[in-house]
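Here the structure is laid out as structure tokens; the discussion comes afterwards.
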Amino acid sequence: QVQLVESGGGLVQAGGSLRLSCAASGRISSTYAMGWFRQAPGKEREFVAAITWSGITTSYADSVKGRFTISRDNAKNTVYLQMNSLKPEDTAVYSCAANSADWVSPTPRVYHYWGQGTQVTVSS
């Protein structure tokens with residue numbers, strides 16, 4: 001059974017940084033893309049970033065470009081989201097997701113597996 005477990009969330013002041021991790025266990029596929037999404041209270045789930053198995057292709061939401069960086073360590077089955085220059089509007093539950101077809105997409109339904117999420121709160 002596939003499990004995705006996020007960690008690294010917390011409370012940070014505006015302008016600060018956090019690094020989220022998502023550890024995958026179980027067999028997803030030989031190669032798979034990973035994505036990060038977020039959902040704030042009362043809002044729809046929003047795409048944040050995604051990365052292919054090789055790491056060569058990445059994609060970011062316009063709202064986080066230049067501030068967030070997605071990366072992965074396949075030896076550890078872990079994907080990371082480095083978040084810098086955080087803003088109060090980045091406050092949300094951040095979830096990672098896996099796409100066994102290994103292509104990046106901002107569309108949630110493309111992803112087959114999801115983690116439970118980790119809370120990120122940015123104070124002003």
Side-chain angles (χ1 to χ4, degrees):
Q1 184 168 344
V2 174
Q3 273 195 318
L4 302 178
V5 180
E6 302 93 339
S7 61
L11 173 64
V12 64
Q13 288 189 331
S17 298
L18 282 175
R19 188 196 196 201
L20 305 184
S21 299
C22 172
S25 61
R27 180 169 176 78
I28 299 174
S29 66
S30 57
T31 59
Y32 54 93
M34 294 291 294
W36 285 97
F37 291 79
R38 66 187 182 186
Q39 189 166 20
K43 294 188 177 181
E44 292 188 354
R45 181 179 286 170
E46 177 187 23
F47 170 73
V48 176
I51 187 170
T52 54
W53 173 263
S54 68
I56 293 176
T57 301
T58 58
S59 179
Y60 294 92
D62 288 343
S63 59
V64 306
K65 278 181 182 176
R67 300 188 298 123
F68 291 11
T69 302
I70 189 170
S71 62
R72 66 190 298 164
D73 183 340
N74 292 333
K76 296 181 179 179
N77 293 324
T78 301
V79 64
Y80 305 97
L81 185 68
Q82 177 67 43
M83 306 186 294
N84 299 328
S85 302
L86 283 161
K87 305 174 181 180
E89 51 263 44
D90 294 318
T91 295
V93 174
Y94 284 71
S95 299
C96 63
N99 173 9
S100 58
D102 194 25
W103 48 281
V104 297
S105 171
T107 306
R109 67 174 182 269
V110 164
Y111 295 83
H112 304 95
Y113 306 100
W114 290 83
Q116 292 298 311
T118 184
Q119 177 70 48
V120 171
T121 303
V122 184
S123 63
S124 57

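Computed from heavy atoms alone, side chains included, the values below leave out hydrogens, waters and symmetry copies.
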The side-chain contact (heavy atoms from CB on, under 4.5 Å) partner of V79 among N74, D73, I51 is I51

Output the distance between atom OH (Y32) and atom CZ (R72), rounded to the nearest 0.5 Å. 5.5 Å

Verify the neighbour count for atom CD of Q3: are there more than 12 heavy atoms of other residues, nucleotides or ligands below 6.0 Å? no

Heavy-atom pair with the smallest gap, counting every atom of K43 and Q39: O-NE2, 3.0 Å

Rounded distance [0.5 Å steps], CG in L18 versus OG1 in T118: 9.0 Å

State the OG-CZ distance between S85 and F68, to the nearest 0.5 angstrom. 9.0 Å

side-chain contact (heavy atoms from CB on, under 4.5 Å) between N99 and H112, worked out: CA-CA 5 Å; N99 173 9; H112 304 95; 3.3 Å; yes

If the condition is side-chain hydrogen bond (donor to acceptor under 3.5 Å, both in side chains), which residues does T57 pass it with, not counting sequence neighbours? none

Tell me the closest heavy-atom pair linking A49 and L81, and the distance in Å. CB-CD1, 4.2 Å

Distance col, row N77:CG vs R27:CZ, nearest 0.5 angstrom, shows 11.0 Å

Check G117 against V93 and note the closest heavy-atom contact, atom names and distance. CA-CG1, 3.9 Å

Carefully, step by step, assess T69 and Y80 under the rule side-chain contact (heavy atoms from CB on, under 4.5 Å). CA-CA 8 Å; T69 302; Y80 305 97; over 6 Å; no

Can you list the residues that meet the side-chain contact (heavy atoms from CB on, under 4.5 Å) rule with V122, with sequence neighbours excluded? V12, A14, L86, P88, D90, T91, V120

Do you know which two heavy atoms are closest between Q119 and A92, and how far apart they sit? NE2-O, 3.4 Å

Side chain of T107, backbone of R109: donor and acceptor closer than 3.5 Å? no

side-chain contact (heavy atoms from CB on, under 4.5 Å) evaluation trace for L20 with M83: CA-CA 8 Å; L20 305 184; M83 306 186 294; 3.7 Å; yes

Do N84 and S17 meet the criterion of a side-chain donor-acceptor pair at a distance under 3.5 Å? yes

What residues form a ring pair (Phe, Tyr, Trp, His ring centres under 6.0 Å) with F37, not counting sequence neighbours? F47, Y111, W114

How long is the straight-line distance from OH of Y94 back to CD of E46, given to the nearest 0.5 Å? 7.5 Å

Check: S63 and R38 side chains under 4.5 Å, non-hydrogen atoms: yes

Please name the pair of heavy atoms, one in I70 and one in Y60, separated by the smallest distance, quoted to 0.1 Å. N-OH, 2.8 Å

Could you tell me the separation between the CD atom of E89 and the OG atom of S124, rounded to the nearest 0.5 Å? 10.0 Å

For the pair E6 (side chain) and Q116 (backbone), establish whether a donor and an acceptor sit closer than 3.5 Å, ignoring hydrogens and angles. yes

